[in-house]
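Atoms within a ligand are numbered from 1 in the order they appear, just like the ligands themselves.
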Amino acid sequence: MAPADRLDLLLFHAWLLAHDAREQEVMRPFPPLGIQYLVAWMRRHGMPATDWFDPSFDPDLSRFWGEIADTDPRVVGLYGHTVTRPVAAEVLPRLAAEGRRIVAGGPDPTQYLDDYFDMGVEVIVIGEGEETLAALMDHLRAHRWQWEPAELPRIPGIAWREDGVVRRSPPRPLIRPLSRIPWPQRERRDLDRYFDAWRDRHGETALSMVTSRGCPYHCTWCSKQVYGDTFRRRDVDEVLDEVEDLKERFDPDQIWFADDLFTINKRWVRQFSQRIVERCLVTPFYVIARPETLTPELCAALKRAGCYRVYISAESGAQHVLDAMKKGDTVEHIHAAGRRLRAHGIELGVFVMLGYPGETRRDVDATLRMLHALRPDVTLLSVAHPMRGTAFYDAVSDRLLPADAQWVQDHGGRLPFEMDYPPRFYDLAQRMIWAETALVRRLRAGQLDAETARLAVKAPALRLGARLAARPRAGSL
Ligand code: B12
Ligand code: SF4
């Protein structure tokens, strides 16, 4: 975008890697697909002066403000996510003070309508963004870039505030089939910094794409504001056309299919596996899967297609915790999935969650034993984080603590609630799991060195510490 070209719409996500210790550790960054989808849709919709700004690798927001000054966008659109709210809170009031039209979408604003309106957002898009954002832009263009409140109720899928009262239009039907949506607008200039970050950390590059939208399951802690319980899937060959395009234009070393449920439909995966081979497009990729979907046949199909790692949402080694989360899955399935993936030469990634209400110290031990048996290649650990709009949030709503900025910072960005055990217990439990997984990894790699010995000593000591710190509040253990 040449300076001084005025934009109609500038989209951005208020996320800076520099502020995100967890992502710095993981360092598997990807450009935000939602925003790239919207840019593609808007340009096709006859709004070529649409662009997005990516502050992900910037140390601060100075380049963002430079972009705002240079492109002087008529409308600014924010993608809001639970972890991006603090930066949004910094940016939005200043944009509002400049008199800009501001719209927002994504999972967070839907649940915090008033907060975002207070920060300066004028209209919030609820759910899928493409058609609604285009309708809003048409509305603004038709009204000399001013809102016409009397017409807003006729634009499905939005919320706005009028005379201090939040109003909503009827929901907008989802886009069907998904092939109506153009592929995300990916441009080399946006990808280079991602590729550099990947190369520096992992020695190779990666890109993400999705083959579906939504998930029909009901895990209590999962935030499903955008697609609800719906599920739509793209045609296999249309997905492979996009894979082909990615390979031709950017040649990534690997792909992440960022679907919620890549493996939900066996027939689809079988067909995908067959066609990717037939079309000579096999590329290393990884996916997330529910353990119970990983039958031997499905693992074989994934392997043939190029899948090198599957992350399973295991969460806990205690069945009653899985039941409380409404995972609809069993510990036995988790173990079976681990065995089958290994048997097919696919690496295992495991998501684990600590601190779900009702989880006892013994349950944490069970999770540890499960990890021991699974020996995952990667373990991604999180502490239960109630997000508004989820059943989990509602269940702990009487235990939420005041989320002032300092508290959030001190607690690693987690939304605070009074957990079953004191914070020290969870700190120790996390360190215990990290120490054990590091130990297992080293032992598996045959590294019987001083560091391994140190970890072997440390793990039981941490376990003892956690045991001592486990001073349960009423009702636990
Ligand atoms: C990819 C992904 C990631 C990637 C992010 C990479 C990237 N830059 O995209 C990684 C792995 C880093 C990640 C990390 C985390 N993620 Co994440 N992630 C996802 C995932 C699986 C897919 C996102 C996606 O691309 N969707 C596909 C696109 C097409 O949909 P979309 O993004 O929602 O966009 C549409 C609409 O939202 C809307 N829209 C979007 N932006 C805008 C802007 C405007 C102006 C408008 C009008 C509309 C609009 O239109 C778009 C097109 O229809 C979602 C789950 C999901 N299914 O969406 C979770 C999800 C977004 N993540 C979530 C969470 C909680 C996290 C973590 C906090 C997890 C953790 N404990 O560490 C971290 C946060 C770190 C971070 N920096 O963001 C939650 C967010 C919940 C919430 N209420 O905010 C989700 C929804 C998962 C869940 N179900 O709980 N994540
Ligand atoms: S955690 Fe996964 S399976 Fe469960 S509801 Fe969320 S996306 Fe669906």
Side-chain angles (χ1 to χ4, degrees), residues 9-17 19-20 22-42 52 54 56 75-85 102-112 121 123-137 157-158 174-175 178 181 184 194 208-210 212-227 229 231 256-261 264 288-293 311 313 315 325-329 351 353 380-385 387-390 393 412-415:
L9 173 64
L10 182 71
L11 294 160
F12 75 106
H13 70 148
W15 182 71
L16 279 73
L17 179 62
H19 291 191
D20 192 329
R22 185 185 161 98
E23 284 304 316
Q24 285 173 40
E25 210 180 294
V26 177
M27 197 52 95
R28 298 172 85 86
F30 294 99
L33 284 174
I35 288 185
Q36 293 181 317
Y37 266 114
L38 292 173
V39 174
W41 182 278
M42 297 307 295
W52 70 287
D54 186 0
S56 301
V75 183
V76 181
L78 166 90
Y79 170 67
H81 187 293
T82 183
V83 299
T84 63
R85 207 178 316 134
I102 310 176
V103 297
D108 199 52
T110 317
Q111 284 304 323
Y112 291 87
V121 172
V123 175
I124 292 174
V125 169
I126 314 284
E128 192 162 63
E130 283 88 347
E131 287 185 323
T132 312
L133 185 59
L136 286 175
M137 291 301 288
I158 58 170
L174 295 169
I175 302 172
L178 285 178
I181 305 177
Y194 288 89
S208 62
M209 60 178 278
V210 288
S212 64
R213 286 189 176 182
C215 162
Y217 290 89
H218 303 101
C219 306
T220 52
W221 42 262
C222 179
S223 167
K224 301 177 71 186
Q225 318 308 328
V226 178
Y227 302 113
D229 296 339
F231 182 75
W256 174 32
F257 290 104
D259 301 59
D260 289 333
L261 292 171
I264 188 173
I288 300 173
R290 287 178 59 90
E292 88 278 11
T293 61
Y311 286 88
S313 45
E315 313 306 347
M325 292 174 172
K326 297 207 176 0
K327 282 297 292 174
D329 220 332
F351 292 109
M353 186 186 291
L380 292 174
L381 176 61
S382 63
V383 174
H385 170 135
M387 287 184 279
R388 199 186 276 182
T390 62
Y393 183 96
R414 271 176 259 137
L415 198 152

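Under the 4.0 angstrom criterion, atom 38 (C) of ligand 1 counts as having a protein heavy-atom contact. For atom 55 (C) of ligand 1, the protein comes within 4.0 Å by at least one heavy atom. Atom 4 (Fe) of ligand 2 lies below 4.0 Å from at least one non-hydrogen atom of the protein. When distances from atom 91 (N) of ligand 1 to the protein are checked, no heavy atom turns up under 4.0 Å. Protein heavy atoms are absent from the space less than 4.0 angstrom from atom 10 (C) of ligand 1. The presence of a protein heavy atom under 4.0 Å from atom 49 (C) of ligand 1 is confirmed.
Under 4.0 angstrom from ligand 1, the non-hydrogen atoms of T82 come from both its backbone and its side chain. Contacts with ligand 1 closer than 4.0 Å are made by no heavy atom of F12, backbone or side chain. At a heavy-atom cutoff of 4.0 Å, ligand 1 is contacted by no atom of S56, backbone or side chain. Proximity of D20 to ligand 1, defined as any heavy-atom pair under 4.0 Å, is confined to the side chain (atoms from C-beta onward). Heavy atoms of L11 found under 4.0 angstrom from ligand 1 belong exclusively to the side chain. Neither the backbone nor the side chain of V26 has any atom closer than 4.0 Å to an atom of ligand 1 (non-hydrogen atoms only). When heavy-atom distances to ligand 2 are checked against a 4.0 Å cut-off, Y227 has no atom that comes that close, whether in backbone or side chain. When non-hydrogen atoms are compared, ligand 2 lies under 4.0 Å from the side chain of C215 (C-beta onward) but not from its backbone.
Taking all heavy atoms of M387, H81, Q225 into account, the minimum distance to atom 60 (C) of ligand 1 is reached by H81. Nearest-residue assignment for atom 40 (C) of ligand 1 (options F30, Y393, Y79; heavy-atom criterion): Y79. Closest heavy-atom approach to atom 71 (N) of ligand 1 among the candidates R22, R85, H385: R22. In the candidate list D260, L261, T390, I264, D260 is nearest to atom 7 (S) of ligand 2, counting heavy atoms.
Within ligand 2, the atoms closer than 4.0 Å to a non-hydrogen atom of Y217 are 3 (S), 5 (S), 8 (Fe), numbered from 1 in the order shown. Near W15, meaning under 4.0 Å from any of its heavy atoms, are these atoms of ligand 1: 76 (C), 77 (N). Taking every heavy atom of V125 and a limit of under 4.0 angstrom, the matching atoms of ligand 1 come to 47 (C). Taking a cut-off of under 4.0 Å to the non-hydrogen atoms of R290, the atoms of ligand 2 that pass are 3 (S). Atoms of ligand 1 lying under 4.0 Å from any heavy atom of L33, numbered from 1 in the order shown and given with element: 25 (O).
Look at C222 and atom 6 (Fe) of ligand 2: an N/O/S atom of the residue is under 2.8 Å from the metal.
Under a 4.0 Å heavy-atom criterion, R213 is in contact with ligand 1. Under a 4.0 angstrom heavy-atom cut-off, K224 registers as lying outside contact with ligand 1.
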